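Written below as structure tokens is the structure these notes are about.
Quantities reported herein were computed from a predicted structural model and do not represent experimental measurements. Worth knowing before you read on, the calculation uses all heavy atoms, side chains too, and leaves out hydrogens, waters and symmetry mates.
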Amino acid sequence: MKLQLITWFLVCLISGSQARCTSNQFACSNGNCIPSSYQCDRYSDCGDNSDEVGCVCHAGDIRLTGTGSSVSRGNVELCILNKFNAICGNVWSSNDAKVVCRQLGFNSSNATTTSQFGAATTTNMWARVAGGCNGTESYLYSCPAYPVAVSCTSANPAAVICSSPYCPSSKFQCSNGLCIDTLYVCDGYNDCRDNSDETNCSCTKGMVRVEGGATSAQ
């Protein structure tokens with residue numbers, strides 16, 4: 001009976017904490033509230049990793065989609081709040097495309113905004129980032145917002161065609177030619193998209209092993 005009362009109290013305590021989270025906050029399993037933008041950002045902001053569970057994608061991730069797309073060409077989709085958003089092509093610039101190609105590990109000077117890949121595969125359209133890059137940024141997500149209202153539909157997505165793979169010694173080159181930060185190697189996620197960054201891993205980040213004891217608890 002005492003154990004049931006304690007369990008009931010803990011459930012009520014956590015439920016009450018989650019109920020206090022606002023509409024722009026994420027309710028952690030441990031009762032904490034964090035900004036929604038912190039969910040699926042590769043960091044355990046909750047303290048119990050519940051904000052990194054069941055992620056479709058991670059903040060700032062890019063993928064290229066559309067008819068005839070590949071790892072170096074296609075319509076640009078950016079991960080925002082745990083879902084991929086197509087980028088509005090109305091104010092898409094060559095500087096924006098340069099940043100996308102650089103982030104994917106390709107030579108930025110060969111980026112193009114010419115779209116040959118049909119309509120966006122998602123109806124989630126993102127216009128604020130388009131046109132905001134100066135061409136020197138390393139990540140599209142770090143580009144400032146472009147403060148203009150534009151009419152945007154999935155029929156007009158931003159796209160890139162990148163070439164000349166380039167991967168500096170400080171980064172990891174995937175088997176398919178992509179270039180990713182070394183910190184993403186053996187982290188439990190298929191960042192390369194061909195799983196080459198998760199091959200031959202002796203462990204993944206966050207794993208703990210205990211040595212010297214008779215059991216795993218010692």
Side-chain angles (χ1 to χ4, degrees), residues 40-42 55-146 150 152-168 171-185 187 189-199:
C40 296
D41 64 353
R42 299 182 187 274
C55 295
V56 174
C57 57
H58 292 86
D61 284 354
I62 284 178
R63 71 179 182 183
L64 302 181
T65 63
T67 305
S69 62
S70 69
V71 295
S72 64
R73 52 196 288 135
N75 296 327
V76 181
E77 294 185 4
L78 176 68
C79 181
I80 302 171
L81 297 180
N82 197 28
K83 65 182 178 182
F84 277 106
N85 297 257
I87 307 295
C88 186
N90 293 32
V91 288
W92 186 246
S93 73
S94 59
N95 283 337
D96 300 325
K98 285 181 181 179
V99 175
V100 169
C101 289
R102 181 179 297 115
Q103 180 174 340
L104 292 175
F106 293 94
N107 191 331
S108 62
S109 65
N110 291 307
T112 175
T113 55
T114 303
S115 178
Q116 305 173 2
F117 313 102
T121 58
T122 175
T123 56
N124 300 318
M125 301 300 294
W126 185 257
R128 292 187 63 218
V129 73
C133 301
N134 61 31
T136 64
E137 296 89 350
S138 297
Y139 302 96
L140 184 65
Y141 199 54
S142 64
C143 293
Y146 190 73
V150 294
C152 191
T153 68
S154 59
N156 185 34
V160 294
I161 300 176
C162 310
S163 61
S164 302
Y166 169 71
C167 193
K171 294 196 174 186
F172 176 83
Q173 186 158 29
C174 310
S175 296
N176 60 14
L178 282 180
C179 186
I180 65 172
D181 287 338
T182 53
L183 109 103
Y184 296 158
V185 178
D187 65 349
Y189 297 99
N190 182 17
D191 300 286
C192 281
R193 304 177 201 169
D194 63 2
N195 212 47
S196 58
D197 56 312
E198 299 301 314
T199 303

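- Among residue pairs with one or both ends in residues 174-184, those qualifying as salt bridge (Lys or Arg N to Asp or Glu O under 4.0 Å) are K171-D181; sequence neighbours excluded.
- Contact check for N156 versus W92: no side-chain heavy atoms found under the 4.5 Å cut-off.
- The minimum heavy-atom distance linking C133 with N95 is given by the pair O-CB, 3.5 Å.
- Expressed to the nearest 0.5 Å, how far CG of D191 lies from CD of E198 amounts to 6.5 Å.
- Between the side chain of N195 and the backbone N or O of N190, no donor-acceptor pair lies under 3.5 Å.
- Taking every heavy atom of both residues into account, Y184 and D187 meet most closely at O-OD1, 2.9 Å.
- The SG atoms of C40 and C57 do not lie less than 2.5 Å from each other.
- With sequence neighbours excluded, no residue satisfies side chain to side chain donor-acceptor pair (under 3.5 Å) with S69.
- Taking both residues in full, the closest heavy atoms of Q103 and L140 are given as OE1-N, 2.9 Å, listed atom of the first, atom of the second, then distance.
- The backbone N or O of V56 lies less than 3.5 Å from a partner atom in the side chain of N82, making a donor-acceptor pair.
- Between the side chain of N75 and the main chain of G118, a donor-acceptor pair closer than 3.5 Å is present.
- The shortest distance between side-chain heavy atoms of L104 and C101 does not fall below 4.5 Å.
- Scored by the salt bridge (Lys or Arg N to Asp or Glu O under 4.0 Å) test, R193 finds no partners at all (sequence neighbours excluded).
- If you run side chain to side chain contact (heavy atoms under 4.5 Å, CB included) between V100 and each of V76, I87, L78, only V76 comes through.
- Scanning both residues, F117 and A159, for their nearest heavy atoms gives CD1-CB, 3.9 Å.
- Contacts classified as salt bridge (Lys or Arg N to Asp or Glu O under 4.0 Å) and involving residues 68-95 (residues at least two apart or in different chains) are given here: R63-E77.
- Atom CG of D41 and atom CG of L81 lie 11.0 Å apart (nearest 0.5 Å).
- By the side chain to side chain contact (heavy atoms under 4.5 Å, CB included) test, D194 pairs with C174, S175, N176, C192, S196, sequence neighbours left out.
- Of all heavy-atom pairs between Y141 and C79, the closest is CE1-O, 4.3 Å.
- Evaluation of the side chain to side chain donor-acceptor pair (under 3.5 Å) rule for S70 yields S72 as partners, not counting sequence neighbours.
- Summarising the geometry of F106 relative to C162, their closest heavy-atom pair is CB-CB, 3.6 Å, with the distance given to 0.1 Å.
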